[in-house]
Structure formats: structure tokens, C-alpha cells
Amino acid sequence: MSLSEAEVQSARGAWEKIYVDAEDNGTTVLVRMFTEHPDTKSYFTHFKGMDSAEEMKQSEQVRGHGKKVFSAINDMVQHLDNPEAFLGIVTPLGKKHATQLKIDPKNFRIICDIILQLMEEKFGGDCKASFENVTNEICTHLNNIYKEEGW
């Protein structure tokens with residue numbers, strides 16, 4: 001991992017701000033993804049019937065998955081200074097999404113970009129800038145795992 005200790009601390013500080021409200025912010029990220037990139041909903045059979053953003057925001061399934069996404073990222077953020085532990089989290093996640101769920105890897109970049117957008121809206125450009133390297137690391141590692149799995 002190519003983050004300095006100062007970058008790790010800055011990224012953790014930025015992440016803590018948005019993770020405090022993981023369920024609502026995770027839901028916001030998923031609802032934006034589903035509304036701005038409707039094709040992404042095709043991977044979630046139990047979300048397909050939900051057409052309005054309001055309906056998705058109220059869905060326990062969407063809220064639960066949003067929190068799950070944020071919890072996975074939180075685990076990664078907690079291990080940014082330990083590459084072995086970080087890979088121990090990101091590798092099985094990538095393999096599962098590549099082989100079992102067959103999720104297009106471009107969706108990780110979409111989610112990360114929406115998280116950055118939300119950070120900037122809520123906490124300003126410095127917060128977004130502090131976390132951008134983390135999203136790049138996550139997406140790079142996930143893309144590498146997908147390549148290893150034959151994507």
C-alpha cells in the first residue's frame with residue numbers, strides 16, 4: 001500500500017465523519033447508484049421492483065446492504081497501515097463478487113465515486129481529497145483480484 005502515515009490518519013479522520021451515520025449514508029450511496037446507474041440494480045434481484053428513490057430509502061434490504069458496504073469499507077480503513085490485514089479483507093470480498101455474485105468491477109468505482117461526492121457535499125473538498133487515495137487503493141486491489149479470477 002502506498003499511503004503515508006499522515007495520509008492514513010487523514011483518511012481515517014475523513015472516513016469517521018461519514019461512517020458515524022453508516023446506515024443512512026450507505027443507503028444514500030446505494031440509492032444514488034441505483035438511480036444514476038439503473039443497470040446496477042440488475043445485480044440485486046430483491047431491489048428490482050423498487051422504482052422510486054423514496055421507496056429504496058425506506059427499504060430495510062437497501063438500508064441493510066448500504067450499512068454492509070460501509071462496514072466492509074470501515075474494516076479496510078482500519079487496516080490501511082497493515083497491508084497484509086487490508087488484503088485479508090479486500091481479497092475474499094473481491095473473489096466473492098467476481099466468482100459468486102459476478103458483479104461488474106466498474107460498480108466498485110461507481111460506489112467509491114458516489115462516496116467521495118457525498119463526503120464533499122457534507123464535509124467539503126478537503127474531506128473528499130483525504131479519502132480519494134483510499135478509494136483508489138480499494139478499486140485497484142479489487143480490479144487486480146478480478147484479473148486474477150479471469151475477468
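- For K122, the side chain to side chain donor-acceptor pair (under 3.5 Å) criterion is met by N25, not counting sequence neighbours.
- By the salt bridge (charged side-chain N to carboxylate O under 4.0 Å, His left out) test, R32 is found to be paired with E121, residues two or more places apart in sequence or in another chain being considered.
- Residues K106 and I111 have side chains not in contact (no heavy-atom distance under 4.5 Å, counting atoms from C-beta outward).
- Looking at N74 and R12, their side chains never bring a donor and an acceptor atom within 3.5 Å of each other.
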Assess the residue pair K41 and D51 against the criterion (side chain to side chain contact (heavy atoms under 4.5 Å, CB included)); give the C-alpha distance rounded to whole Å, side-chain angles, the decisive distance to 0.1 Å, and a yes or no. CA-CA 10 Å; K41 249 188 357 181; D51 294 323; 4.0 Å; yes
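- Between E5 and D81, the shortest heavy-atom distance links the atoms OE1-CB, 4.2 Å.
- Summarising the geometry of T40 relative to F34, their closest heavy-atom pair is OG1-CD2, 3.4 Å, with the distance given to 0.1 Å.
- Judged by distance alone, the side chain of Y43 and the main-chain N or O of D104 form a donor-acceptor pair under 3.5 Å.
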Side-chain donor-acceptor contacts of residues 87-98 below 3.5 Å, not counting sequence neighbours, with atom names and distances?
| residue | atom | partner | partner atom | Å |
| --- | --- | --- | --- | --- |
| T91 | OG1 | L87 | O | 2.8 |
| H97 | ND1 | L93 | O | 2.9 |

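- Residue-environment remark: CG (D21) exceeds the threshold of 12 foreign heavy atoms within 6.0 Å.
- The OG1 atom of T28 sits 13.0 Å away from atom CE of M33, with the distance rounded to the nearest 0.5 Å.
- Summarising the geometry of T99 relative to K102, their closest heavy-atom pair is O-NZ, 2.8 Å, with the distance given to 0.1 Å.
- Looking at N82, its side chain never comes within 3.5 Å of a backbone N or O of H79 through a donor-acceptor pair.
- L118 has its side chain out of reach of K128: every pair of non-hydrogen atoms, C-beta onward, lies at least 4.5 Å apart.
- Checking side-chain atoms of R63 against main-chain N and O of Q58 turns up no donor-acceptor pair under 3.5 Å.
- The closest side-chain heavy-atom distance from F47 to V62 is below 4.5 Å.
- Using cut-offs of 30° and 60° on the angle between ring planes, the pair F131 and W15 is parallel.
- N143 contributes a side-chain N or O that, together with a main-chain N or O of C139, makes up a donor-acceptor pair within less than 3.5 Å.
- Here CD of Q61 is found 12.0 Å from CG of L30. Values are rounded to the nearest 0.5 Å.
- Closest heavy-atom contact between L80 and F86: CD2-CE1, 4.0 Å.
- Annotation: side chain of M76 is not in contact with side chain of E137 (no heavy-atom distance under 4.5 Å).
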Show your reasoning for whether side chain to side chain contact (heavy atoms under 4.5 Å, CB included) applies to Y146 and I103. CA-CA 10 Å; Y146 268 71; I103 305 293; 3.9 Å; yes
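- M119 contributes atom CE, which lies 14.0 Å from atom CD1 of I114 (distance to the nearest 0.5 angstrom).
- The cluster map of Ile, Leu, Val, Met, Phe, Trp and Tyr, joined by side-chain heavy atoms under 4.5 Å apart, puts V20 and L116 in different clusters.
- Contact between M56 and T27 at its shortest, heavy atoms only, is O-CG2, 4.5 Å.
- At a threshold of 4.5 Å between non-hydrogen side-chain atoms, the residues Y19 and I73 do not count as touching.
- Residues M50 and S59 come closest through the heavy atom pair CE-OG, 3.3 Å.
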